[in-house]
Amino acid sequence: MEDEPPVFGALRLPHDPRAVRVARMTVRAALDGHGMQDTVDVVELLTSELVTNAYLHTKGPASLRLTGLSDGRLRVGVWDSDPYVPAPFSGSGVESVPLAPPDAETGRGLRLVREHADSWGGWAFGDGTSGRGAGKLLWFEVGRRAILPQLRK
């Protein structure tokens, strides 16, 4: 049915610096394949930021999940093995959390998510000591017409 949201899926990513590139290529191929080219740039950028953070701040694998929502938005989730949910994803003290300046060399991922996603959040799953799943899931949502502003040169 044309009104049905696209069904994407999940991809497990090894703890490897090439995982970011694989995630970007996967997002681009999935969105292109579902006729969502107008969101590719934003989703690819924000996905690469979350996957980069998963690689830099954990020692284990990560996973990427793309979910089409019924109202035409897309939700992207990145799971990793660290249960710490950083603000602004934690929903606590969003305004008091200092973000890296736009021209900083590192630490801009959270700023980019806040500026370009329609909504975002995170869930902690625990530390894994009980033998059950551990880590966290950070997610963001964008509408079908999400575009990046022109970059200044």
Q. From Asp82 CG over to His57 NE2, what is the distance, rounded to the nearest 0.5 angstrom?
A. 9.0 Å

**Q.** Non-hydrogen atoms of Ala30 and Leu66 that approach each other most closely
**A.** CB-CD1, 3.9 Å

Q | Arg24 vs Thr47 side-chain heavy atoms within contact, under 4.5 Å | A | no

Q | Euclidean distance, Phe89 CZ relative to Leu138 CG, rounded to 0.5 Å | A | 5.0 Å

Q.
Measuring from atom CG of Leu74 to atom NE2 of His34, what distance do you get when rounded to the nearest 0.5 angstrom?
A. 10.0 Å

Q. Can Tyr55 be reached from Leu13 by stepping across I, L, V, M, F, W or Y side chains whose heavy atoms are under 4.5 Å apart?
A. no

Q: Compare every heavy atom of Ser48 with every heavy atom of Val20, then report the nearest pair and how far apart it is.
A: CG1-CB, 3.8 Å

(Q) Surrounding CZ of Arg28 (heavy atoms of other residues, nucleotides or ligands, distance under 6.0 Å), is the total greater than 12? (A) yes

Q) Can you tell me how far CD of Gln37 sits from CG of Asp32, rounded to the nearest 0.5 angstrom? A) 5.0 Å

Q | side chain to side chain contact (heavy atoms under 4.5 Å, CB included) between Val27 and Val76, intermediate numbers included | A | CA-CA 9 Å; Val27 163; Val76 177; 5.6 Å; no

Q: Given side chain to side chain contact (heavy atoms under 4.5 Å, CB included), test Val22 with Leu64 step by step and report yes or no.
A: CA-CA 10 Å; Val22 169; Leu64 169 67; over 6 Å; no

Q. Asp118 side chain to Gly143 main-chain N or O, any donor-acceptor pair under 3.5 Å?
A. yes

Q: Write down the atom of Gly60, the atom of Ser81, and the distance for their closest heavy-atom approach.
A: N-OG, 3.9 Å

**Q.** Beyond-backbone contact of Asp16 with Pro61, side-chain heavy atoms, under 4.5 angstrom
**A.** no

Q: Over all heavy atoms of both residues, which pair between Asp80 and Lys136 is shortest? Give the atoms and the distance, please.
A: OD1-NZ, 2.8 Å

Q) Looking only at heavy atoms, which two atoms of Ala19 and Pro14 are closest? And how far apart? A) CB-O, 3.5 Å

Q. Where is the tightest heavy-atom contact between Gly122 and Val85, given as atom of each residue plus distance?
A. CA-CG1, 4.1 Å

**Q.** Within-4.5 Å side-chain heavy-atom neighbours: Arg114 and Trp120
**A.** yes

Q) At what distance, to the nearest 0.5 angstrom, does CD of Glu44 lie from CE of Met25? A) 10.0 Å

**Q.** Test side chain to side chain contact (heavy atoms under 4.5 Å, CB included) applied to Trp139 and Trp123, step by step
**A.** CA-CA 9 Å; Trp139 59 269; Trp123 298 292; 3.3 Å; yes

Q: Apply the test side chain to side chain contact (heavy atoms under 4.5 Å, CB included) to residues Val43 and Asp41: give CA-CA distance (whole Å), side-chain angles for both, the deciding distance (0.1 Å), then the verdict.
A: CA-CA 6 Å; Val43 174; Asp41 291 338; over 6 Å; no

Q) Any side-chain heavy-atom pair from His116 and Leu46 closer than 4.5 angstrom? A) yes

Q: To the nearest 0.5 Å, tell me how far Thr26 OG1 sits from Leu11 CG.
A: 5.0 Å

Q. Any side-chain heavy atom of Val78 sitting closer than 4.5 Å to one from Asn53?
A. no

